[in-house]
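Single-structure report; data block below.
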Amino acid sequence: VARQVAFGPRVPGTANHRKCGDWLVATLRSMGADVVTQQVDLKAYNGDILKARNIIAQFQPEKQERIMLCAHWDTRPWADSDPDKANHYKPIPGANDGGSGVGVLLEIARQLSMTPTATGIDIVLFDAEDYGLHENDVTRYASNRHSWALGSQYWSYFPHVAGYSPRFGILLDIVGAPNSVFCQEYYSLHYAAGVVRKVWRWAEKAGYSAYFSSEEGGAITDDHLYVNSTAGIPCIDIINYDPESPNGFGPHHHTMKDDMDWIDAGTLKAVGQTVLTVIYNEK
Ligand code: AHN
Ligand code: ZN
């Protein structure tokens, strides 16, 4: 996570973003994955053309039976939830929002390089998740309901392999804060209840029930929505929900404070160990 943050904000179209993307590709290749990328110009709701890159790392690509793990690697161009209005058009550091999910997946990739699973694994890093509607534009929501998750929307129409149909997918988003609680997100239950139950059961067995709450959470527009509704792949979202905070994702969310101070190794471990337990138990 720190390596990603050190590139600076990973806003599509910037040099930081390009350099971090190159580093992610090289790192995943160094772990033995067969890495392919999708480079595409995507139009944001405000008209910006985003030079986007989805990064797909395939482990044991020859295997038919597969599991997909995903996260977004871009970061938000605007700190539009920052308490200081002067920051509302500045990019966020994106340690938790962006960095954390990718960080967990990089460690999982390292484990896969040492100990193969029975099924194939695809790590999919989506771009352009976080270029969605600015808080100052929320009145334009009705005509911009699909402004988030542009990289995963594209991938869901054009997956890296035609007819791609893994058993299931797991999305990791905002998984690094201390004392995180992962509720059972609404779309995950709607489209992939069996996967939610499986993952939460393994979390309990692995000793992480304090993080994985059996409470139902609200509906979150995130990459998994399009993976489910467009690609037809049952995919859940493991995402921190903090009912105490204004936007539900913690007080640092979409602010300049989303930096390494919000990253807790214990939370990353709880999520990573849980996902590892799930994938190594798939036969
Ligand atoms: C919205 O805020 C609309 N969806 C949450 C998805 C998200 C944003 N994940 C990270 N940043
Ligand atoms: Zn975000």
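Every number for a ligand or one of its atoms is a count from 1 in the order of the listing. In this text, all values refer to a predicted model and were calculated from it rather than measured experimentally.
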What protein heavy atom sits nearest atom 7 (C) of ligand 1, and how far away is it? Glu129 OE2, 3.1 Å
Are any of the heavy atoms in Arg76 under 4.0 Å away from ligand 1? no
Carefully, step by step, assess His160 and Trp155 under the rule side chain to side chain donor-acceptor pair (under 3.5 Å). CA-CA 7 Å; His160 60 288; Trp155 179 90; 3.2 Å; yes
Looking at ligand 1, does any of its N/O atoms fall within less than 3.5 Å of an N/O of His72? no
Does the plane of the ring in Phe7 sit parallel, tilted or perpendicular to the ring in Trp23? Use 30° and 60° as the thresholds. tilted
Taking NZ, NE, NH1 and NH2 as the nitrogens, is one of them in Glu107 or Lys269 under 4.0 Å from a carboxylate oxygen of the other? no
Side chains of Asp258 and His253: do they bring a donor and an acceptor to under 3.5 Å? no
N/O/S from His254 sitting under 2.8 Å away from the Zn ion (ligand 2): yes
Within the structure, does Asp130 bring an N/O atom to less than 3.5 angstrom of an N/O atom in ligand 1? yes
Who's the nearest protein heavy-atom neighbour of atom 9 (N) of ligand 1, and how far? Asp173 OD2, 2.7 Å
The Zn ion (ligand 2) to nearest N/O/S of Asp97 less than 2.8 Å: yes
Should one rank Asn247, Thr75, Ile220, Asp97 by closest heavy-atom distance to atom 10 (C) of ligand 1, which comes out on top? Asp97
Are any of the side-chain nitrogens in Lys51 or Asp41 under 4.0 Å away from the carboxylate oxygens of its partner? yes
Over 60° means perpendicular and under 30° means parallel, so classify the ring planes of His190 and Tyr186, tilted if in between. parallel
Among all the protein's non-hydrogen atoms, which is closest to atom 4 (N) of ligand 1, and how far away is it? Thr221 O, 3.0 Å
How about His72 and Asp97: does a side-chain donor come under 3.5 Å of a side-chain acceptor? yes
